Amino acid sequence: MDDMDDDDAPLVFRRGGKSASRQSQSNAEAKRTPSSSHNVNGQSSNGQRKASPLRSPITNSKSPMSSEIKQMPKQNASSAVRVEIKSVKSEKKSQVDDEDSEDDKPLSSRLKGAANNVKKEVGGPSHVKKEDSDDDDDDLPLASRMSTKPNHLSEKKPLASKLQQNGSSTSNTNKMKTPVVPNKRPMEKSNSSDQSSAKKQKLSVPSSTTKAKPAAVKAEEKADDDDDIPISQRIKKATVSARKPSSANTKATKVVSSSFKKANMKNTKQMKKSKFSKSTKVQPGSTDGQRKWTTLVHNGVIFPPPYQPHGIKILYKGKPIDLTPEQEEVATMYAVMKDTDYMQKPKFLENFWNDWRRILGRNHVIQKLDDCDFTPIYEWHQQEKEKKKQMSTEEKKAIKEQKMQQEEKYMWAIVDGVKEKVGNFRVEPPGLFRGRGEHPKMGKLKRRIRPRDITINIGKDAPVPECPIAGESWKEIKHDSTVTWLAFWNDPINPKEFKYVFLAASSSLKGQSDKEKYEKARMLKDYIHNIRAAYTKDFNNKDKDPTKRQIAVATYLIDKLALRAGNEKDEEEADTVGCCTLKVSNVECIPPNMIKFDFLGKDSIRYENTVEVELPVFKAIGQFQAGKGENELLFNALDTSKLNAHLKELMPGLTAKVFRTYNASITLDQQLYEETEEGDVAEKVVVYQKANKQVAIICNHQRTVSKTHDSQILRLTERIETAKQELKELKIDLERAKKGKPPLKGADGKQKRNLSPEAIEKKIASANQKIEKYEMDMTTKEDLKTVALGTSKINYLDPRITVAWCKRHEVPIEKIFNKSLLAKFAWAMDVDPEFRF
DNA sequence: AGTCGGACTTAGCACCACCGCC
DNA sequence: GGCGGTGGTGCTAAGTCCGACT
């Protein structure tokens, strides 16, 4: 066991604690501006907004589809899904849905009393082994890990004739009271509880048994080594190690599982219904070729309604101008964007003008955008919005319902006999392109998509969806079972690219690949030690060929800082970078060994971070910069395909993005393990949020500060002040009451009524509580104002970590996952409580 | 080896309904 | 009861990565 000495722990994640100050200022400009905090009204005129399908009942028998197939019993959308484990025994279904009142409390109150800690700094880590990647003999850790346990999922039989349904609401399971579980770490490799299915599929392509050999880096059973510690954590290592596993684990696990039995059974049932199990099982067999499905039935896509001219005239040089409906439509798109930041961008105006002008025609009266006044249309649009707002609840409901009816049939697909939700069955309405950051195409007209633009993918034996627009027809019908899309069209802005219609996140297909993603990331845990050793060796070795050295440094950065790979981009896109495309100007070496990063990453979100790095890395980066212009590539010998090709030699299936998943998930896992203490649910939820936040910071998931942030803070400050004043008075009153004197007049000048000292003491206590709560709300708010927690929860955090933690700590899962996430992560719900990432 | 088409994941923001607070 | 604030949801842009083709 070689120790990660903490001398290499110093990566400073400045972004952690200082986020508030960092952001407040940089956000406005660094972060892309468009529409950010603006009320963009655009969409609404053409843009379809409709009732959320998730909210709707799923058993609408009017749907042609639903009449074709039997549906699963209606699920109880409102009943909470509780974390459960399935198991062995006969089941008793006590369907008591004893919602405990705790669950219904708002977040704010849950936070109470807890989270001052939210503020804490993200530890600055680093590690990097300084040892050789030795012993080559322990391959296939994954394989063995995975096969250790049977997959209970696979034991389930699909309900033969019934159509199963994935998606919308979760089934009504009973809430289970989770037993308390000792906070121990389970035995390393035995926790692969439900992994069996995951080892097939892509991961197995270069199965660890076979090919994984390559460049020396192998998985290694290291009993104790903190390479698998998340970046942000390594620093804490000493403390951690004290808590490492023990032989007691087995016992703990056992006890737990048995105490879960009852619930397990329910869950088994539920799984049948929700049926992820089935596809999970089906998939493997389908490893034949790349087949993703065997039968696929759906109804195609729905189009936005045709444009309804409103006849409102714009003014040109002060005079009203007649426009054709087509011209008016585009003018309206522009008019309604008045309040957005796009209007300040010359590129946007230029692009819009070019496209609109084409529609107006060369010889149109309108010759200059500057002379146009779109206010009449803008105002008309505001009025329309207002009218909509004023509609009665019933009217709104009726409209919603109608829309619902129209759309119901498009909402579902039947994949291998299972009814699954379709993700985006609405064709994108026309509009002006809202590229992010300084996108060269912003403002261009995104033309209307017609059936002739759309290719449909459907099962061979399934009926071809009827084209919803009379007299028109689909571009093409395909029957390609190696892909998961139901339809696509070429992006009108960039015709080389496509827009796809996929199944919803709750579908088995998506669930399956999600699971595979996390399994791959978990696999990295077994390889990471040697990978780190390898790149350390490589960047230390100065005679190494430059490519190799660049690869080593790039890998280091991707690992340490969770940078994205950084594909090359063409001129037609916003100028953003990732690791491989970092420019000389994006990094600054600050002796003795600090590196400052400053660049625009995905979505033109600014990444600004100063970190301490290994000295060899520092030197190497300096050398990569030497003799280059500011605008040249730092890693000139590298691109993502070379980098990924290299990574694949280190671990089957490894690519740059796996590091992000790995570091995010393992950080959560460890944080939860280390930080969760005895306490009430609210306190535990705070621990979770704190861990979540840490991950969001690592991944640089930002959001714009809400428009009302400042006023919210102000309001809280005022409340705190008022409460403090009250407290002061109460204290005086208390003293007086003790002496039998009446209270003083209040701040409002009114005489207060006499109260006993006890009563006043009570009031004091509650005032104190109130102040505490307000202060905490304020801290949390300030702290999270630029941090987006959702993205990591949705995309980077293995849900099994969360579910297992909830089980261990008796936290109702819906405290953490909302309805969509519960549906999306259905596959993770039966995880063993002792699961570790 | 490099390019490009293709498929799929990841991302932040707009909008709206709902809920708690005053 | 009204209103502000928030969480959930939908939307679609912008990434990653693979593999076929040249």
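Order of the sequence lines sets the chain letters (A, B, ...), proteins ahead of strands, with each chain counted from 1. Predicted, not measured: the structure shown is a model, and the values here were computed from it.
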Check whether any side-chain nitrogen or oxygen of [X] sits under 4.0 Å from OP1 or OP2 of [N], and answer yes or no.
X: A:Arg564; N: C:dA14; answer: no
X: A:Arg660; N: B:dA11; answer: yes
X: A:Asn567; N: C:dT16; answer: yes
X: A:Lys517; N: B:dT10; answer: yes
X: A:Asn818; N: C:dG8; answer: yes
X: A:Gln702; N: B:dC13; answer: no
X: A:Lys292; N: B:dC8; answer: yes
X: A:Thr704; N: B:dC13; answer: yes
X: A:Thr576; N: C:dG15; answer: yes
X: A:Lys648; N: C:dC18; answer: yes
X: A:His439; N: C:dA13; answer: no
X: A:Lys569; N: C:dA14; answer: no
X: A:Thr791; N: B:dT10; answer: no
X: A:Tyr500; N: C:dT12; answer: no

Exactly one candidate in A:Lys569, A:Arg606, A:His439 meets side chain to side chain donor-acceptor pair (under 3.5 Å) with A:Thr576; the answer is A:Lys569
For a quick check of understanding: with a heavy-atom distance under 4.0 Å over all strands, which category does [X] fall into, base, sugar-phosphate or nothing?
X: A:Ser641; result: nothing
X: A:Gln712; result: sugar-phosphate
X: A:Lys781; result: sugar-phosphate
X: A:Phe488; result: nothing
X: A:Gly578; result: nothing
X: A:Ala656; result: sugar-phosphate
X: A:Gly601; result: sugar-phosphate

Which of these nucleotides, [options], is closest to any side-chain atom of [X]?
X: A:Phe498; options: B:dC8, C:dT12, B:dG6; answer: B:dG6
X: A:Phe433; options: C:dA13, B:dC8, C:dT6; answer: C:dA13
X: A:Arg436; options: B:dC8, B:dA11, C:dT16; answer: B:dA11
X: A:Pro429; options: B:dG12, B:dC8, C:dT12; answer: C:dT12
X: A:Ser513; options: C:dA13, C:dG5, B:dT9; answer: B:dT9

May I ask you to say whether A:Lys496 pairs ionically with A:Asp491, meaning some side-chain N is under 4.0 Å from a carboxylate O?
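So A:Lys496 does not pair with A:Asp491 through a salt bridge.
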Is any NZ, NE, NH1 or NH2 atom of the basic residue among A:Glu438 and A:Lys347 found under 4.0 Å from an Asp or Glu carboxylate oxygen of the other?
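No.
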Side-chain-base donor-acceptor pair under 3.5 Å for A:Lys602 and B:dT10:
yes
Looking at A:Phe433, is A:Lys446 sitting on its ring face, NZ or CZ under 6.0 Å from the six-membered ring centre and within 45 degrees of the normal?
no
Nearest-Å distance, CD (A:Glu568) to P (B:dA1)?
16 Å
Given atom CG of A:Leu600 and atom P of C:dA14, what is their separation to the nearest angstrom?
13 Å
Nearest nucleotide by nearest heavy atom, which residue falls closer to the 5' end of DNA chain B, A:Lys496 or A:Val483?
A:Lys496
Test log, rule side-chain contact (heavy atoms from CB on, under 4.5 Å), inputs A:Thr802 and A:Phe817
CA-CA 9 Å; A:Thr802 303; A:Phe817 289 157; 3.6 Å; yes
Check: A:Arg703 side chain, A:Leu784 main-chain N or O, donor-acceptor pair, under 3.5 Å:
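Confirmed, A:Arg703 side chain pairs with A:Leu784 backbone.
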Taking for each residue the nucleotide of DNA chain C bearing the nearest heavy atom, is the 5' side occupied by A:Glu428 or by A:Thr640?
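The residue whose closest nucleotide sits nearer the 5' end is A:Glu428.
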For DNA chain C, whose closest nucleotide is more 5', that of A:Asn644 or that of A:Lys446?
A:Lys446
Is it the case that over 12 heavy atoms from other parts of the model lie below 6.0 angstrom from the NZ atom of A:Lys396?
yes
